[in-house]
Amino acid sequence: MTTDPVFRLYQLPGWGSAIPEAQLAFYGLGYELIETGNVTDPASSVAAIREVNPLGQLPVLDLPDGTRMTETAAMTLHLADLAGSEALVPGPKAPERADFLRWLIFIVANIYPCFTFAEVPTRYVSDAEAGDYRERVTEREKHLWRVLGEAAAARGGPWVLGQRFSALDIYVAVMANWRPGPSWFGEYEPGLLAIAQATAARPELAPVFARNFPAGAPGAAP
Ligand SMILES: N[C@@H](CCC(=O)N[C@@H](CS)C(=O)NCC(=O)O)C(=O)O
């Protein structure tokens, strides 16, 4: 008996690895999960993740041919190519393609680093400045979410790109669980929260979201 080669995803439930995990599940690609521990906690398995990613960041994805990838945006584009599918990534001729690429890079280049920078503030500022620094980074992040929320609202929903579901919705559904948190989204960006909830409820993605966020969809009643 032969078995299909599988992807190996270095991950921690609820962290950014949920983004490629959701895509692997969506495409029906076989994958194994390798838990790394809390990569921001020196007492956890930071050393192990540094062996597979010099930045010590999640996620890391090993492809069946042995190639090792970091960076969720790169994974998003490559998995779509490998799956031969435009279901999550509009193809070169699709009318949503340019917007898709714009907002994909906007999320990973602008929004995602806010989590990274504020997660361990003392990497960048002194202990005394850490609280204020985290607050300022979070304020910046709220502004960035508003920019994305406005663009999504202009397209009329129900997804970031309007009528067309895409990997952008998966990013929103994962990240809406993080700072500034689901209640902030509910108050200031209800459109993005609705996208997050509808994405997490999609039958092909619901098991991945349930595994990563056992408390339920972002904004769900506790
Ligand atoms: N640009 C990276 C960002 C990855 C990232 O920041 N991951 C977080 C976890 S969600 C992390 O590993 N943080 C630990 C650190 O930066 O030390 C991507 O899109 O994959």
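Counting convention: from 1, in listed order, for ligands and their atoms alike.
When hydrophobic residues (I, L, V, M, F, W, Y) are linked wherever their side-chain heavy atoms come within less than 4.5 Å, the members clustered with Val125 are Phe117, Tyr124, Tyr133, Val137.
If you look at Tyr112 and Trp178, their ring centroids are closer than 6.0 Å.
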List ligand 1's nitrogen or oxygen atoms that come under 3.5 Å of a protein nitrogen or oxygen, with the partner atom and distance.
residue  : atom   : partner : partner atom : Å
ligand 1 : 1 (N)  : Glu71   : OE1          : 2.6
ligand 1 : 6 (O)  : Gln57   : NE2          : 3.4
ligand 1 : 6 (O)  : Thr116  : OG1          : 2.9
ligand 1 : 7 (N)  : Leu58   : O            : 2.8
ligand 1 : 7 (N)  : Tyr112  : OH           : 3.4
ligand 1 : 12 (O) : Leu58   : N            : 2.8
ligand 1 : 16 (O) : Gln57   : NE2          : 3.1
ligand 1 : 17 (O) : Arg123  : NH1          : 3.1
ligand 1 : 17 (O) : Arg123  : NH2          : 2.7
ligand 1 : 19 (O) : Thr72   : N            : 3.3
ligand 1 : 19 (O) : Thr72   : OG1          : 2.7
ligand 1 : 20 (O) : Thr72   : N            : 3.0

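Remark: Glu32 engages Arg8 in a side-chain hydrogen bond (donor to acceptor under 3.5 Å, both in side chains) (not counting sequence neighbours). For Ala73, the side-chain contact (heavy atoms from CB on, under 4.5 Å) partners two or more places apart in sequence, or in a different chain, are Leu104, Val108, Tyr171.
Figure legend: Arg202 and Trp159 shown as a cation-pi pair, the cationic atom lying under 6.0 angstrom from the six-membered ring centre and within 45 degrees of its axis.
Formation of a donor-acceptor pair under 3.5 Å by the Trp15 side chain with backbone atoms of Asn38 is not found in this model.
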